[in-house]
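In what follows, a single structure is set out as structure tokens and then discussed.
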Amino acid sequence: MCCMLLSCDPKEAVIYEAEHTENILDLPAEADTCATCSSGKLVKNIGGKQNGSVTFTSVKAPSDGLYNLVIGYAVSDDKSFYIQVNEQEISIEKICYNNAGKDKVSTDTITVRLQKGSNRIRFYNPHEPSPDLDYISLIPEPLYAHAISGKVTTNGAPVGNVKIALAGDYQLTTRTDKNGKYSFRSLPPGNYYVRPVQKEHIAAPYDYFVEELNADQSMYNFTMEPVFDDHSHTRHLACGDWKIEYDTLHGLFSLYKNEKQVLENVAAVCRIPETYSTIGNYRRIISTAPVSDQHGKGTLFEIATEINNITMVQRFRIYEDQPFIIAQLEIVSDSILESNYMIPVHGLSALPSGTSNQNKILSVPYDNDKWVRFNASEFGSSATSHEVTAIYNNTTRNGIVLGSLIHDTWKTAIKIVSGTTSQASVEVINGYTSVRTRDVLPHGKVAGSIITSSDIFIGQFDDWRKGMEIFAGISSKATGNNRKHWTKPFGWNSWGAIQFGISYEKMIQVSDYFATQLQPKGFENPVAYIGMDAGWNRLSAQELQDFVNHCRQNNQEAGIYMAPFAHWGKNEEALVGSTDFKYKDVYLYANGKKQYLDGSIALDPTHPAVRIALKNQVLKFKELGCKYLKVDFLTHASLEGDSYYDSTITTGRQAFTSTLAYLNALVGDDMFLNFAISPLFPGSYTNSRRISCDAWADIGNTEYVLNALTYGWWLGYLNHYSDGDHVVLAGVSEGENRARITSSIITGIFITGDDFSEAGSAIVKDERNSLLANNEILDLAKIETPFTPVESNTSNGAGNAYVLHENGVSYLAVFNFSDQDADTSIPLERVDLLLNTVYHVKELWSGNEFDIRDVVNIQIESKDVKVFQLIPL
């Protein structure tokens, strides 16, 4: 690390090189050469599956305060860093845009809080790969001087070591000292919320709203009260297996199923922008009514809490014979309200049964972009999951599932903070945005005299995996998925190998290869889809029509591609389609700036020019006779914006939902609809959705796809099918090819991607022919139910075993991701098969047969898979 300037004036920037020997590089992060970097080197392999990181160990600051930190990075795609300063509990999430390209250094600036003297700054990403890091640069002069401070007491006595959270324009945490005092110093101007975070007590008030901080604010004091177990104020509300105990004095409830606690001391919260909470001694009106809806019959419990001129209405739909309830929060006023933050559920979850070292928290990503991964966090940590989570024990599989059922207005996150052996604090938040939702703006505001949260699913299950499947099915039912059900597609997509080398001649050759070499051997269901991806517009109108007709003659259907909400062009003055609007008129701006994602600019999906272009494309595809439509880069359509052309829309999810409804009306039942890069919850608007980002042939890519199946197999119950991406079998071993094929067929639809045109290698095509024409593997691929993970305790990795029970026959797929041959044993009871029963087993890739009882012993070569069919004798 060094000062790179001739003058080391304290007000001039000091540069710290990422690869410097004083820094800590956690593998696989490593230094690499870089011709355009400040010292000829940078650090690569930050983030990703193994979460490589760089820690600067001695960044100097002359005093405590906020400082501008310049980041020098290189990236070929928009990616993000998590940045942690001095082991602070809250990390900064920073999007780094592809402004210069992989081989050139871009810069961006963030504000960090440093202490006087030496500071440690860590760059990492637990969810997805980060940019390469060249250097950081700091001007050693603090920026701001404003402070928020206060005191925490109980019965007049100070309370030390209470965690205090600061949210809003800047996020921090601190703790009270022995005198109960806390302080957030050197804050930039802005709007803030400050509140205590402690499980064993309730705070009065719930939090403070600090509006437009421009001077020191020192009187934000809290009183903490223990949560009293005083049943004299408790109302018992019961239906079926469920019971709610509502504390009418404190405004808290606990939830039980079969007398076992599921949630404890739960409140509801909203911001408009001041914070309102049901906690406190307010007037409440409790009512009940019968409920009968698509989920069943039961009782609706309603608790209305009157706070000043606001009424907070908590609703609980409890069903007579369902393993879940549905909660909802509504805020009501005589005047117009605005809110972008509602918490229908804020309390403590019960511990799953089983040994504590197998307790897990499921983190679900918002979308499938940038090679993001699912994660199962250990207890003793915090986690943020999008739309749904499970708190479960992997050994017993007992667990709780919480999630939002409807996604037409709010982006929802579940924040969980857990101790190693204690209950977990849970907040289900409507109105959550971050770099993981790909947003740079806060969530849009919802306005009205009545504002309603999402419906929140709360279920307790002996097997959390069954709970996730039930959640997905209920969500699909709640949103009304009325798309036509198509037979599970088999086929091919041009993006796998041909990409922008697409031509009419090659497409005809691929069609003919499938018709003569693969379909006669069973590769169709009942047809094969031959898909043109990006680049299809290189074919003339006549060539497109001739290709579609040619597919029909070969018992095939043609597929085609669109990405209608992203602009890759460089000319913002160009016209959008056949309209008179220019692209600069239809961009979705944030803070007055274009929003870049995946190297393209997000379009306002509600703009009439965007919708006219969308309509014209879909009508063209239908006129051609295409039967398979792949829609890509849909996260662009869900971003928050400064405003939308449709002024009735104020949130990214509202824009996304209205746009998908429009797309569905255009497509109708004429095409199978497949979403590629997309939020995980496209509602009722697709037939299938990619479960992961782009994946290729090697075993590492197979493991990546299977991470999504390990923790997201239930998405196949939300949409008609999941999609394991096109299967490209190039440049790897035969075992890796078997593993990649298997990963696709146990996930969902089966789309291949090698070059089967005449330009493709004859040797390669012969190898692919033998792999893609295994009749028993193809028969397995036609089963529409996704495989379920056997184990789910792999953090952000993939499980190695997956099981399916179908019509009295069981199937078990077991993978070996390592470079070494492996021996493994799986007890049959772990895959829900009977002990003391003999099963006849056939390995479908090799055809080997044998009998087993109680346990299956498996030998798997390195980077390979075994797929077993088990039939009881």
Side-chain angles (χ1 to χ4, degrees), residues 257-258 260 323 350-360 362 376 378-379 390-401 459-472 706-707 709-714 716-717 742-743 745-747 780 783 785-795 797-817 822-845 848-860 865-873:
K257 181 186 175 190
N258 293 323
K260 179 181 178 181
L351 283 171
S353 63
T355 56
S356 61
N357 66 351
Q358 285 294 305
N359 286 342
K360 307 292 177 182
L362 174 64
E378 304 284 343
F379 261 53
I391 302 169
Y392 67 94
N393 185 281
N394 185 66
T395 302
T396 66
R397 295 182 174 141
N398 174 262
I400 298 167
V401 176
Q460 195 281 330
F461 301 92
D462 293 336
D463 188 335
W464 72 281
R465 300 174 304 167
K466 183 63 176 177
M468 295 301 297
E469 293 169 6
I470 290 173
F471 162 79
L706 290 175
N707 163 261
L709 188 67
T710 300
Y711 298 109
W713 82 97
W714 46 270
Y717 294 82
T742 304
S743 72
I745 66 174
I746 70 174
T747 296
L780 178 61
I783 297 176
T785 309
F787 278 56
T788 300
V790 176
E791 306 295 347
S792 304
N793 60 346
T794 60
S795 298
N800 73 326
Y802 305 83
V803 65
L804 172 67
H805 305 289
E806 189 81 4
N807 298 324
V809 178
S810 298
Y811 300 90
L812 178 65
V814 185
F815 294 81
N816 179 5
F817 304 120
D823 294 336
T824 187
S825 297
I826 300 177
L828 293 189
E829 61 182 340
R830 200 63 184 161
V831 294
D832 302 314
L833 293 178
L834 298 173
L835 297 178
N836 301 316
T837 299
V838 176
Y839 288 86
H840 182 71
V841 179
K842 183 175 184 179
E843 203 286 307
L844 300 185
W845 280 111
N848 294 335
E849 299 185 54
F850 52 93
D851 292 340
I852 62 169
R853 181 197 295 266
D854 296 345
V855 65
V856 55
N857 298 307
I858 307 162
Q859 293 179 320
I860 313 179
V865 67
K866 300 288 187 184
V867 180
F868 301 105
Q869 179 191 72
L870 300 94
I871 300 174
L873 296 180

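Below, all heavy atoms of this structure are taken into account, side chains as well, without hydrogens, waters or symmetry copies. Positions are given from 1, in the same order as the sequence printed here.
Looking at Tyr717 and Thr785, their side chains never bring a donor and an acceptor atom within 3.5 Å of each other. A side-chain donor-acceptor contact under 3.5 Å links Thr742 and Trp845.
Contact check for Pro789 versus Leu709: no side-chain heavy atoms found under the 4.5 Å cut-off. Residues Leu706 and Phe787 form no side-chain contact, since every pair of their non-hydrogen atoms from C-beta on lies 4.5 Å or further apart.
Not one N or O on the side chain of Asn258 forms a donor-acceptor pair closer than 3.5 Å with the backbone of Lys260.
How far CD of Gln859 is from CG of Asp823: 4.5 Å, rounded to the nearest 0.5 Å.
Val865 and Ile860 make their closest contact through N-CG2, 4.0 Å (heavy atoms, listed as atom of the first residue, atom of the second, distance). Nearest heavy-atom pair, Asn359 versus Leu351, reported as atom, atom and distance to 0.1 Å: ND2-CD2, 4.0 Å.
Residues forming a salt bridge (Lys or Arg N to Asp or Glu O under 4.0 Å) with Arg397 (at least two apart in sequence, or on another chain): none.
Aromatic ring orientation, Trp464 versus Trp713: perpendicular (interplanar angle above 60°, classes split at 30° and 60°).
Heavy atoms from other residues, nucleotides or ligands lying under 6.0 Å from CD of Glu849 number more than 12. Within a 6.0 Å radius of CG in Asp854, other residues, nucleotides and ligands contribute more than 12 heavy atoms.
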Next item on the list: Please test Ser810 against Leu833 for side-chain contact (heavy atoms from CB on, under 4.5 Å), starting from the C-alpha separation and ending with a verdict.
Entry: CA-CA 8 Å; Ser810 298; Leu833 293 178; 3.3 Å; yes
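The pair Lys466-Asp832 does not meet the salt-bridge criterion, since no charged nitrogen lies less than 4.0 angstrom from a carboxylate oxygen.
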